[in-house]
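Worksheet: one structure, shown below.
Scope of the values below: all heavy atoms of this structure, side chains included, with no hydrogens, waters or symmetry mates. This structure is a prediction, so every number in the text was calculated from the model and none was measured.
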Amino acid sequence: MRGSISSQCGRLSVEVNKLGESKYEAKAEARSELSSAGLSATSEAIAEKTGIYSAGTMSNYIERWIEFGEYAKSELGIKDMEKLDAEAVRSFLADKIEQDVSYSHFSQYCAALGKLEQAIESFSQSVRGIERDPDFRTAIDELRPEARAELSRFEGSRAYDDPAKLVENLSGISQLVAQIQLESGARLSEASNITAGQLNGMSQDCTEKVVGTFDFVGKGGKENIGNLSPETYERLVQHIAEHGSLSHSVDTYREDLKSASERTDQQYNGSHGLRWCFAQERYSELRGAGFGEKTSLGQVSEEMGHNRISITEHYLGH
């Protein structure tokens with residue numbers, strides 16, 4: 001497709017525009033078709049066979065389509081909406097999780113992208129005469145469990161009130177992983193899987209504080225370095241020496257965090273809550289060390305592996 005992202009989205013919307021038609025009748029027909037084919041009439045299956053019947057929903061979806069299209073254009077170099085695929089959706093939704101949008105907003109993006117997939121399929125068939133499956137659903141299904149486990153059901157700060165007490169109420173590997181997240185700002189996947197080859201020994205950070213460092217590859221293949229207190233780094237070194245690596249089940253870790261939150265009378269904010277704590281503590285530390293606002297924001301953003309400073313500002317409530 002050619003034209004601006006906005007104009008492409010407008011053209012694609014024609015493929016699913018059912019304004020003025022009966023949504024009730026369309027859903028009933030979809031159920032009948034699915035039943036005749038021996039398929040389960042799930043809400044997802046019905047949605048794939050029906051269009052958009054509300055002007056408000058249409059406006060909301062097109063707004064999200066444009067946001068996705070602009071993201072794909074600037075971050076992935078994809079200018080043609082018809083060429084969007086599961087990988088682009090995976091990258092976009094992972095970015096939304098990184099931005100820590102609420103789970104309800106994440107679900108709205110998923111619904112909009114599901115309808116965009118339907119529009120692209122219809123456009124390719126009716127205009128190009130070809131069958132094309134962008135397979136957005138695969139990426140959505142892959143990321144939904146992480147979003148459900150990590151994203152909040154409320155707006156506002158997700159930092160734990162007393163992260164130190166939370167960590168104290170953990171034990172074993174879960175406590176070590178939580179301390180690594182709290183001190184380095186690493187994502188769960190980055191803090192729960194560390195090998196001996198990632199250990200870099202002792203060094204000094206930009207404030208001249210002595211730290212133990214480990215390197216890791218974050219989202220999007222971005223190389224990064226995590227800083228730990230000498231005590232935590234030594235624990236990590238000893239654990240890897242004894243077990244060959246640090247490897248911990250994310251499901252077990254989340255359950256342990258949830259239990260520790262209950263024991264310490266704190267709102268459970270997932271492992272992401274520890275990244276919130278790191279961002280706020282590290283920013284304050286840098287400012288206290290004499291670094292300016294922009295420099296401090298940039299440093300925290302780099303340490304957290306964010307592609308944009310605006311994401312870091314969200315964690316700080318700026």
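For the atom pair NZ (K258) and CZ (R263), the distance works out to 13.0 Å, reported to the nearest 0.5 Å. L166 contributes atom CG, which lies 6.0 Å from atom CG of L274 (distance to the nearest 0.5 angstrom). Atom NZ of residue K18 and atom CE of residue M58 lie 10.0 Å apart, to the nearest 0.5 angstrom. Of the inter-residue distances, the one linking T57 atom OG1 with K23 atom NZ reads 6.5 Å to the nearest 0.5 angstrom. Interatomic distance, CH2 of W276 versus CG of L182, reported as 15.5 Å (0.5 Å rounding). Interatomic distance, N193 CG to S245 OG, rounded to the nearest 0.5 Å: 7.5 Å.
With R275 as reference, E98 is the one residue of E150, E98, Q280, Q181 to meet the side chain to side chain donor-acceptor pair (under 3.5 Å) rule.
At a threshold of 4.5 Å between non-hydrogen side-chain atoms, the residues I120 and K83 do not count as touching. D215 has its side chain out of reach of N224: every pair of non-hydrogen atoms, C-beta onward, lies at least 4.5 Å apart. With a 4.5 Å cut-off on side-chain heavy atoms, T195 and I240 do not count as touching. R144 is listed as a side-chain neighbour of S107, based on a closest heavy-atom distance under 4.5 Å. With contacts defined as side-chain heavy-atom distances shorter than 4.5 Å, the pair L116/V16 does not qualify. L188 places a side-chain heavy atom less than 4.5 Å from the side chain of V177. Within the 4.5 Å cutoff, side-chain heavy atoms of I173 are placed close to those of H239. Considering only heavy atoms from C-beta on, Q266 comes within 4.5 Å of D162 through its side chain.
Listed for the K96 side chain is no donor-acceptor partner under 3.5 Å among the backbone atoms of H105. Between the E183 side chain and the L228 main chain, no donor and acceptor come within less than 3.5 Å of each other. In terms of modelled atom types and a separation under 3.5 Å, the side chain of T295 and the main chain of F291 share no donor-acceptor contact. Listed for the E117 side chain is a donor-acceptor partner under 3.5 Å among the backbone atoms of D135. Side chain of Y160 to backbone of N269: a donor-acceptor contact under 3.5 angstrom is found. In terms of modelled atom types and a separation under 3.5 Å, the side chain of D205 and the main chain of V211 share no donor-acceptor contact. Judged by distance alone, the side chain of E29 and the main-chain N or O of A26 form no donor-acceptor pair under 3.5 Å. Not a single donor-acceptor pair under 3.5 Å links the side chain of D265 to the backbone N or O of S261. Side chain of S122 to main chain of Q118: no donor-acceptor pair is present (N/O by atom type, distance under 3.5 Å, no hydrogens or angles). No side-chain donor-acceptor contact under 3.5 Å links R137 to the backbone of A86.
Within a 6.0 Å sphere centred on CD of Q204, other residues, nucleotides and ligands contribute more than 12 heavy atoms. Surrounding CD of E281 are at most 12 heavy atoms belonging to other residues, nucleotides or ligands under 6.0 Å away. Within 6.0 Å of the CD atom in E33, the count of heavy atoms belonging to other residues, nucleotides or ligands exceeds 12.
Using a cutoff of 4.0 Å between basic side-chain nitrogens and carboxylate oxygens, D85 and R132 are not scored as salt-bridged. Residues R90 and E87 are paired through a salt bridge, judged by an N-O separation under 4.0 Å between the basic side chain and the carboxylate. Between E303 and R282 there is a salt bridge, with a side-chain nitrogen of the basic residue lying less than 4.0 Å from a carboxylate oxygen of the acidic one. Ion pairing between a basic and an acidic side chain is recognised when a charged N comes within 4.0 Å of a carboxylate O; R187 and E190 show such pairing. R254 and E146 are not joined by a salt bridge, as no carboxylate oxygen comes within less than 4.0 angstrom of a charged side-chain nitrogen.
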For this session: Mind running salt bridge (charged side-chain N to carboxylate O under 4.0 Å, His left out) on D80 and K73 for me, showing each step along the way?
Result: CA-CA 8 Å; D80 184 345; K73 180 179 177 180; over 6 Å; no

Problem set entry | Evaluation steps, side-chain contact (heavy atoms from CB on, under 4.5 Å), between E255 and D251 | CA-CA 6 Å; E255 284 301 315; D251 291 333; 5.8 Å; no

For this session: Dump the intermediate steps for salt bridge (charged side-chain N to carboxylate O under 4.0 Å, His left out) on R308 and E313, then the final yes or no.
Result: CA-CA 9 Å; R308 299 187 302 281; E313 290 178 320; over 6 Å; no

Exercise. Can you check side-chain contact (heavy atoms from CB on, under 4.5 Å) on F123 and M81, steps first, answer last?
Worked result: CA-CA 11 Å; F123 178 85; M81 297 286 289; over 6 Å; no

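For the residue pair S104/S102, the side-chain donor-acceptor check at 3.5 Å is satisfied. In this structure, a donor-acceptor pair under 3.5 Å is absent between the side chains of Q238 and E242. A side-chain donor-acceptor contact under 3.5 Å links E82 and S124. Side chains of Q108 and Y61: no donor on one and acceptor on the other come within 3.5 Å. The closest side-chain donor-acceptor pair between S32 and S35, if any, does not fall under 3.5 angstrom.
Contact between L170 and D256 at its shortest, heavy atoms only, is CD2-O, 3.4 Å. L286 approaches C206 most closely through the heavy-atom pair CD2-SG, 3.6 Å. The minimum heavy-atom distance between T312 and L297, with the atom names listed, is CG2-O, 4.2 Å. For A178 against Y253, the heavy-atom pair with the smallest separation is CA-OH, 3.1 Å. The two atoms that bring S126 and E15 nearest to each other are OG-OE1, 3.5 Å, heavy atoms only. Looking at every heavy atom in both residues, Y53 comes nearest to S22 through CE2-O, 3.9 Å.
In this structure, L199 is a member of the same hydrophobic cluster as V210, with clusters built from ILVMFWY side-chain heavy atoms closer than 4.5 Å. I225 and V217 fall into different hydrophobic clusters, where Ile, Leu, Val, Met, Phe, Trp and Tyr residues are linked whenever their side-chain heavy atoms come under 4.5 Å apart, directly or through other members.
Ring planes of F106 and Y103: parallel class, angle under 30° (limits at 30 and 60°). Relative ring orientation between F136 and F68 is described as perpendicular, the plane-to-plane angle rising above 60° on a 0-90° scale split at 30° and 60°. Under the 30°/60° scheme for interplanar angles, the aromatic rings of Y315 and H306 are found to be tilted.
For F214 and Y233, the ring centers are positioned 6.0 Å apart or more.
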